Colleague: 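Structure below; questions to follow.
Below, all heavy atoms of this structure are taken into account, side chains as well, without hydrogens, waters or symmetry copies. Computed from a predicted structure; not experimentally measured. Naming convention: chains lettered A, B, ... in sequence-line order (proteins, then strands); numbering from 1 in each chain.
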There are 2 protein chains.
Amino acid sequence: MTARPKAQPGKRTNDPEGLRKRVLDVAEASFQARGYHASSLGDLMAAAGVTGGALHHHFPTKKALALAVIEERVAAAVEATWIAPVQAAGSTREGVRSVFEAVAAELEQQGFVRGCPLNNLAHELSLADPDFRTALAGIFSAWRQAIADKVGADQQAGREQDTDPQRFAALAVATYSGAMSMAKTTQDSAVLRDCLNALEQGVSSARAKRRRRVLRQYKAF
Amino acid sequence: MTARPKAQPGKRTNDPEGLRKRVLDVAEASFQARGYHASSLGDLMAAAGVTGGALHHHFPTKKALALAVIEERVAAAVEATWIAPVQAAGSTREGVRSVFEAVAAELEQQGFVRGCPLNNLAHELSLADPDFRTALAGIFSAWRQAIADKVGADQQAGREQDTDPQRFAALAVATYSGAMSMAKTTQDSAVLRDCLNALEQGVSSARAKRRRRVLRQYKAF
DNA sequence: TTATAAACAGACCGGTTGTCCTGTTTTGTC
DNA sequence: GACAAAACAGGACAACCGGTCTGTTTATAA
């Protein structure tokens with residue numbers, strides 16, 4: 001009865017990749033639901049079924065863990081939720097609409113709004129540490145650029161001629177971010193549809209504006 | 001040498017209102033810059049020059065302090081920054097434009113983006129506590145309603161006939177919130193102007209759309 | 001097998017946090 | 001001036017946090 005080797009002696013199996021994934025899963029969920037500062041490493045260890053030694057082996061500090069969550073998980077979430085669907089869509093407008101509707105539908109099905117992972121962490125960590133801010137800003141930049149590129153592709157196809165790609169991309173990202181912020185606070189996803197409709201009314205009427213302008217040019221000749 | 005009455009004996013002056021104001025000032029600034037969880041009461045006490053007993057007398061818990069900051073300071077900031085200027089403006093569009101430009105100019109002058117007080121706290125606290133969420137949601141609601149009412153006033157003056165007040169208000173609030181989020185993360189206020197320009201292009205061309213529609217009606221006759 | 005490093009376990013520690021508590025001083029009221 | 005309540009001072013404390021440390025087990029390669 002000198003040394004008690006845990007429950008069963010000698011039944012451990014090293015699985016560094018699996019353990020790392022488990023930790024990231026738990027951290028991503030907890031950061032999303034409770035935020036960075038409100039998530040203690042003790043809670044994460046318990047939720048992931050991981051000891052302190054193992055956690056420290058993979059992520060030396062809490063900051064390193066958060067940085068991994070941002071770079072691997074949050075960036076991937078933005079890529080999967082926004083960038084890929086927009087790129088795959090027939091047009092920027094269709095892409096934006098499909099994302100808004102998909103997210104709204106998902107929120108309504110869940111009945112609970114956790115908010116945008118990127119914006120959640122961005123608000124809490126952007127001013128806390130330059131490394132956090134840089135990582136988060138990079139994701140925002142990629143997100144916005146993907147939409148701007150899509151507008152550019154539309155324009156090369158003869159559409160959206162009087163839409164400024166960068167400006168529209170900023171508007172789309174900002175509208176979604178802000179709508180998710182309101183949806184999270186009010187716990188009501190309806191604001192997403194309101195914003196989408198208002199956004200589309202403006203964008204679609206931009207086409208009308210262009211037609212009228214072209215019409216005037218023809219008249220002028 | 002039994003009891004040592006601080007530095008100078010008997011030179012205290014009670015100033016409950018002033019002390020309370022000082023605490024709220026410091027808390028508002030710290031919550032804005034570092035967030036709720038990252039702001040310790042010890043830091044706030046030191047910054048405000050207040051002892052633990054005095055702080056506890058006015059704000060029994062940290063939550064009570066945060067609730068006071070939200071209800072008294074954040075709500076007032078939204079009122080002063082957004083609601084009052086929009087109500088005072090000649091039109092909704094002018095009001096929104098003036099607010100965006102005023103904030104952008106202020107940020108450029110400061111050279112630093114701290115973000116929107118309401119959104120900062122909303123992201124961190126909405127899911128943390130129902131009382132927080134309710135208080136924050138109320139501010140969002142008042143903000144949005146003020147803009148919607150202004151659109152309604154425009155419509156009674158014969159303008160913005162095909163603009164949905166609630167939808168446009170949601171879009172304006174969301175765009176600003178999201179733009180501030182990006183500006184904070186990138187530490188660049190330019191995105192505010194991008195969003196404003198994109199927003200105005202959409203909104204102003206909505207007028208064009210209506211004119212065209214009216215024109216068609218006349219042609220039809 | 002044996003050497004070697006990676007992977008993991010688990011206790012430990014200094015510092016911090018929010019809150020509470022007791023006591024003292026000031027203020028208002030009769 | 002007496003008295004009660006409000007305002008304030010400041011220490012104490014238990015819980016918790018993140019990080020470190022030592023030691024053990026597992027995998028890898030020679």
Side-chain angles (χ1 to χ4, degrees), chain A residues 1-24 26-27 30-31 34-69 124-125 128-129 131-132, chain B residues 1-24 26-27 30-31 34-69 124-125 128-129 131-132:
Chain A
M1 206 182 274
T2 48
R4 181 192 37 170
K6 209 177 66 168
Q8 281 130 342
K11 284 208 172 179
R12 210 183 78 195
T13 315
N14 284 359
D15 181 21
E17 295 174 8
L19 189 145
R20 187 186 142 94
K21 180 187 182 308
R22 257 187 300 152
V23 172
L24 284 177
V26 167
S30 185
F31 289 168
R34 283 171 260 179
Y36 173 79
H37 287 103
S39 298
S40 78
L41 293 181
D43 294 341
L44 299 183
M45 282 162 49
V50 167
T51 63
L55 178 62
H56 179 262
H57 178 73
H58 290 273
F59 307 100
T61 63
K62 191 183 183 184
K63 172 182 171 179
L65 172 58
L67 229 37
V69 168
E124 189 178 3
L125 300 180
D129 189 293
D131 294 329
F132 285 147
Chain B
M1 205 182 277
T2 47
R4 182 193 39 168
K6 209 179 70 169
Q8 282 132 340
K11 283 206 171 181
R12 212 183 77 195
T13 315
N14 285 358
D15 180 20
E17 294 174 9
L19 188 145
R20 187 187 143 92
K21 180 187 182 310
R22 258 187 299 152
V23 172
L24 284 177
V26 167
S30 185
F31 290 168
R34 282 171 261 179
Y36 173 80
H37 286 104
S39 299
S40 78
L41 292 181
D43 294 341
L44 299 183
M45 282 162 49
V50 167
T51 64
L55 178 62
H56 181 261
H57 178 73
H58 290 273
F59 307 101
T61 64
K62 191 182 182 184
K63 173 183 170 178
L65 173 58
L67 228 38
V69 168
E124 189 179 2
L125 300 181
D129 189 292
D131 294 329
F132 285 147

Colleague: Tell me the interatomic distance from A/Leu41, atom CG, to D/dG18, atom C1', rounded to whole angstroms.
Modeller: 6 Å

Colleague: For residues 42-61 of chain B, which residue pairs qualify under side-chain hydrogen bond (donor to acceptor under 3.5 Å, both in side chains), counting only residues two or more places apart or in two chains?
Modeller: B/Ser40-B/Asp43

Colleague: Tell me, please, which residues at least two apart from B/Arg20 pass side-chain hydrogen bond (donor to acceptor under 3.5 Å, both in side chains).
Modeller: B/Glu72

Colleague: Could you state the OH-P distance from B/Tyr36 to C/dT17, rounded to the nearest angstrom?
Modeller: 13 Å

Colleague: Scan residues 46-62 of chain B for pairs that pass salt bridge (charged side-chain N to carboxylate O under 4.0 Å, His left out), counting only residues two or more places apart or in two chains.
Modeller: none

Colleague: Round to a whole Å and report the spacing from CG of A/Asp15 to C1' of D/dA27.
Modeller: 12 Å

Colleague: Just how far, in rounded Å, is C1' of C/dC8 from CZ of A/Arg22?
Modeller: 11 Å

Colleague: Taking DNA chain D as the partner, which of residues 52-62 of chain B come within under 4.0 angstrom of it by heavy atom?
Modeller: B/Gly52, B/Gly53, B/Ala54, B/His57, B/His58

Colleague: For A/Asn14, enumerate each residue passing the side-chain hydrogen bond (donor to acceptor under 3.5 Å, both in side chains) test, keeping only those at least two apart in sequence or located in another chain.
Modeller: A/Arg12

Colleague: In whole angstrom, give the distance that lies between atom NE2 of A/His37 and atom C1' of D/dC16.
Modeller: 15 Å

Colleague: Below 3.5 Å between N/O atoms, which protein atoms pair up with nucleotides 12-16 of chain C? Just atom names and distances, please.
Modeller:
none

Colleague: Tell me: CG of B/Asn14 to P of C/dT24, nearest whole Å?
Modeller: 17 Å

Colleague: Do A/Arg12 side-chain and D/dT26 base share a donor-acceptor contact under 3.5 Å?
Modeller: no

Colleague: Tell me every residue that passes side chain to side chain contact (heavy atoms under 4.5 Å, CB included) with B/Ala27, counting only those two or more places apart in sequence or in another chain.
Modeller: B/Phe31, B/Leu44, B/Leu65, B/Val69

Colleague: Minimum heavy-atom separation for B/Gly52 and B/Met45, please, with both atom names.
Modeller: N-CE, 3.3 Å

Colleague: Just the rounded figure in Å: distance from P of C/dA6 to CZ of A/Arg20.
Modeller: 16 Å

Colleague: Would you say B/Arg22's side chain and B/Ala48's backbone share a donor-acceptor pair under 3.5 angstrom?
Modeller: yes

Colleague: For B/Met45 and C/dG18, give me the distance from atom CE to atom P, rounded to whole Å.
Modeller: 10 Å

Colleague: Sequence neighbours excluded, which residues qualify as side-chain hydrogen bond (donor to acceptor under 3.5 Å, both in side chains) partners of A/Lys63?
Modeller: A/Asp129, A/Asp131

Colleague: Please name all residues satisfying ring-ring contact (aromatic ring centres under 6.0 Å, His included) with A/Phe132, sequence neighbours left out, ordered by chain then number.
Modeller: A/Tyr36

